[in-house]
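This chain uses plain numbering: 1 for the first residue, then up along the sequence. It should be emphasised that the depicted structure is a prediction, and the values quoted were computed from it without experimental measurement. When reading the values below, keep in mind they use all heavy atoms of this one structure, side chains included, and skip hydrogens, waters and symmetry mates.
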Amino acid sequence: MSLPRHAQTGPVPEAAVLEGLPPVREVSASEVAARTSGGPRLVVLDDDPTGTQTVADVPVLTSWTVDDLRWALRQDSTAFFVLTNTRSLSPEDAATRNREVVRALRAASKAEDTDFVLASRGDSTLRGHFPLETDVLAEELGTVDGVVLVPAYIEAGRLTVDSRHWMRTADGLLPVGESEFARDATFGYRSSSLPEWVEEKTGGRVSADEVLRVTLDDLRGGGPAHTARLLSSLSGGRTAVVDAVCDDDLRVLALALAEAEANGTRLLYRVGPSFVRARAGQAGREPLTPAELRPLRGDAPHGLIVVGSHVALTTRQLDRLRERGGIAEYELDVALLLDEELRDGHIAEVAAAAAGALETSDVVIRTSRTLVTGADADDSLAISRRVSAALVEAVRQVNAIRRPSFVVAKGGITSSDTATHGLEIRRAWARGTLLPGIVSLWEPADGPAAGIPYIVFAGNVGGPDALADALDLLRSAR
């Protein structure tokens, strides 16, 4: 489906977007695992914690000391995540953090005699510090022949066809540039065509015509060998954008990447969540069952749900959760959180009330639903950080008073800060999901949260009932 730049289409029937595509070329996860076995470890620098939603039994670090990275490299896993949380940082701080991680990783890799390949995990709706992060990583790594952009997130309905990125809605597939995510106060954009998006985000430094397009015709018709030849043609840090509609497309890509890299092509990935599972050689898994959750769940009778996301979908999910019942709800008023004199007292009051309510019900702590934005993108990001810090402090205080049986964090910045500061998790294992391909459960390996399952729930995924369904599953594991 060819559309002019920035054409407004509204939702399109999914069948119309997918009609006429080549037949799927089936590739098993075991074939990818065999091809990549013994090769470089996939290290995913995750700009918020939600990238773990497609994998199971994979290490996660929220700290990047050399010792932490050596621990992850020693684990029996083809991949691991380093939670950088850079989507919540200023460009300058994001650049500094990426440099810190890569320098520590190079030292850890040398100490463990284990090579690695880097994926910069960004948002499947195209928000985040691009091209800044891949520019910084390429500089730290030295010569990089190409940057491979693969934003697809199959389970969440984020698909790329003919280099155009779509998101599934109740009314059909919507070009992602027309979504609410494209109007993000910090990371907004206009383009749905990935080559044009690259041109837009690079400020014209990279023109759309210079971007290599790897289409479904290449992946399905040409297969791994053909696609590897395309990728091997990259040089000088050229960007490639890749189509994907299903896991098999991504597994073809994984085989092609392995072949191109084995022949000496140095590549850096900028990806959505689904690529990680394919490149790690994992098949999709069913959500965790009550029997699997039971030994992970804490001893306390009730859990804590922390909501910082402001997208409309989160609001709808909260409404459905209320309809199911069985929760006590407490609000952190953003206006009070931005007032230096009232902030600390307000947080302490909400935390104390929430901890007391855990005795008799599951508890929601949320921010007020009116979105407060700043004068510009940096100011809006600073406000988001301040509000998130308040939520995190409330979680820390609740856990100090009364340990919940689980903690659910809704929203990217919220879930990162809750993990690293509210619960002080340094090392964890992503054990699987609560819903198909979304909502990741971490088992903390250390710190005050050991023994409390931590659930990472992105703001932009799932249907209206997803939050209530996830909570029902956690309740069933009592």
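Side-chain atoms of L126 and F181, non-hydrogen and from C-beta on, never get closer than 4.5 Å to each other. Using a 4.5 Å heavy-atom threshold, the side chains of F116 and R106 count as touching. The shortest side-chain heavy-atom distance between V211 and L194 does not fall under the 4.5 Å cut-off. At least one side-chain heavy atom of L61 sits under 4.5 Å from a side-chain heavy atom of F80. Annotation: side chain of V408 is not in contact with side chain of L471 (no heavy-atom distance under 4.5 Å). Side-chain contact between V245 and R220: present, with at least one pair of heavy atoms (C-beta onward) separated by less than 4.5 Å. Using a 4.5 Å heavy-atom threshold, the side chains of L212 and V241 count as separate. No side-chain heavy atom of S120 sits less than 4.5 Å from a side-chain heavy atom of V271.
Panel note: side chain E140, backbone R103; no donor-acceptor pair is recorded below 3.5 Å. Distance alone, capped at 3.5 Å, places no donor-acceptor pair between the N399 side chain and the V395 backbone. A donor-acceptor distance shorter than 3.5 angstrom exists from the side chain of K410 to the backbone of A458, with no hydrogens or angles considered. Using a distance-only test at 3.5 Å, with no hydrogens or angles considered, a donor-acceptor pair links the side chain of S90 to the main chain of D93. Here the side chain of Q282 pairs a donor or acceptor atom with the backbone of A56 at under 3.5 angstrom.
For the pair R70 and D67, the salt-bridge criterion is not met [side-chain N within less than 4.0 Å of a carboxylate O]. Salt-bridge check for D417 with R385: passed, with a basic side-chain N closer than 4.0 Å to an acidic carboxylate O. A salt bridge links R396 with E393: the distance from a Lys NZ or Arg NE/NH1/NH2 to an Asp or Glu carboxylate oxygen falls below 4.0 Å. A salt bridge does not link E261 to R266: none of the charged nitrogens lies less than 4.0 Å from a carboxylate oxygen. Using a 4.0 Å cut-off between charged nitrogen and carboxylate oxygen, R87 and D48 count as a salt-bridge pair.
Counted within 6.0 Å of CD on E100, heavy atoms from surrounding residues, nucleotides or ligands total more than 12; the atom is thus considered enclosed. Around CG of D113, the count of heavy atoms belonging to other residues, nucleotides or ligands within 6.0 Å does not exceed 12.
Looking at every heavy atom in both residues, A419 comes nearest to W442 through CB-CZ3, 4.0 Å. Among all heavy-atom pairs drawn from E424 and H421, the shortest one is CG-O, 3.7 Å. Of all non-hydrogen atoms in S405 and P301, the two that sit nearest each other are OG-C, 4.3 Å. Between E139 and R99, the shortest heavy-atom contact is OE2-NH1, 3.3 Å. Considering every non-hydrogen atom in both L435 and A470, the closest pair reads CD2-N, 4.4 Å. Taking each heavy atom of D46 and T52 in turn, the nearest pair found is OD2-N, 4.0 Å.
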Check against side-chain hydrogen bond (donor to acceptor under 3.5 Å, both in side chains), E133 and T86: CA-CA 9 Å; E133 293 195 288; T86 48; 2.5 Å; yes
* Asked: What's the verdict on salt bridge (charged side-chain N to carboxylate O under 4.0 Å, His left out) for D115 and K110, showing C-alpha distance, side-chain angles and the deciding distance?
  -> CA-CA 8 Å; D115 200 5; K110 182 178 180 180; over 6 Å; no
For this session: Go through the steps to decide whether V364 and L318 satisfy the test side-chain contact (heavy atoms from CB on, under 4.5 Å), and finish with yes or no.
Result: CA-CA 9 Å; V364 171; L318 265 175; 4.2 Å; yes
Derivation and outcome, side-chain hydrogen bond (donor to acceptor under 3.5 Å, both in side chains), residues S192 and H165: CA-CA 5 Å; S192 300; H165 201 47; over 6 Å; no
Inset, instruction - Assess whether salt bridge (charged side-chain N to carboxylate O under 4.0 Å, His left out) is satisfied between E31 and R251, documenting all intermediate values. - result: CA-CA 9 Å; E31 187 176 349; R251 289 194 281 262; over 6 Å; no
Open item on the list: side-chain contact (heavy atoms from CB on, under 4.5 Å) for Y153 and L159? Distances and angles first, verdict last.
Closed with: CA-CA 7 Å; Y153 185 5; L159 313 176; over 6 Å; no
Check against salt bridge (charged side-chain N to carboxylate O under 4.0 Å, His left out), D243 and R213: CA-CA 8 Å; D243 285 2; R213 299 172 61 236; over 6 Å; no
Checklist entry - Should D218 and T215 be marked as a side-chain hydrogen bond (donor to acceptor under 3.5 Å, both in side chains) after you check the CA-CA gap, both sets of side-chain angles, and the distance that decides it? => result CA-CA 5 Å; D218 296 312; T215 67; 3.3 Å; yes
Notebook entry, point to check: Between R431 and E292, does a salt bridge (charged side-chain N to carboxylate O under 4.0 Å, His left out) hold up when you go through it step by step?
Noted result: CA-CA 10 Å; R431 290 304 187 191; E292 291 169 325; over 6 Å; no
Set out, in order, the CA-CA distance, both residues' side-chain angles and the distance that settles side-chain contact (heavy atoms from CB on, under 4.5 Å) for V198 and R270, then state yes or no. CA-CA 12 Å; V198 170; R270 176 72 174 188; over 6 Å; no
(message) I'd like to know whether V43 forms a side-chain contact (heavy atoms from CB on, under 4.5 Å) with V117, so could you lay out the CA-CA distance, the side-chain angles of the two residues, the decisive distance to 0.1 Å, and finally the verdict.
(response) CA-CA 6 Å; V43 182; V117 62; over 6 Å; no
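One distance of note links CZ of R277 with CZ of R285; it measures 10.5 Å at 0.5 Å rounding. Atom CD of Q75 is separated from atom CG of L73 by 9.5 Å, given to the nearest 0.5 angstrom. Note that CZ of R41 and OG1 of T114 are 5.5 Å apart. Values are rounded to the nearest 0.5 Å. Atom CD1 in I455 sits 12.0 Å away from atom OG1 in T418 (nearest 0.5 Å). Between atom CZ of residue R427 and atom CD1 of residue I425 there is a gap of 13.5 Å, rounded to the nearest 0.5 Å. Distance CG/L231 to CZ/R238: 10.5 Å, rounded to 0.5 Å.
A ring pair (Phe, Tyr, Trp, His ring centres under 6.0 Å) check over residues 398-418, counting only residues at least two apart or in different chains, returns nothing. Evaluation of the ring pair (Phe, Tyr, Trp, His ring centres under 6.0 Å) test over residues 252-277, restricted to residues two or more places apart or in two chains, returns Y269-F275.
There is no side-chain donor-acceptor pair under 3.5 Å between Q53 and S440. No hydrogens or angles considered: nothing links the side chains of H129 and D47 as a donor-acceptor pair under 3.5 Å. Between the side chains of T50 and R121, at least one donor-acceptor pair of N or O atoms lies under 3.5 Å. A donor and an acceptor atom, one from each side chain of S63 and D68, are located under 3.5 Å apart. Between the side chains of T62 and T420, no donor-acceptor pair is found at a separation under 3.5 Å. Counting only N and O atoms by type, the side chains of N85 and S88 include a donor and acceptor under 3.5 Å apart.
Judged by the 6.0 Å distance and 45° axis criteria, R168 is not positioned over the aromatic ring of W166.
Classification of the F130-W197 ring pair by plane angle, with boundaries at 30° and 60°, yields parallel.
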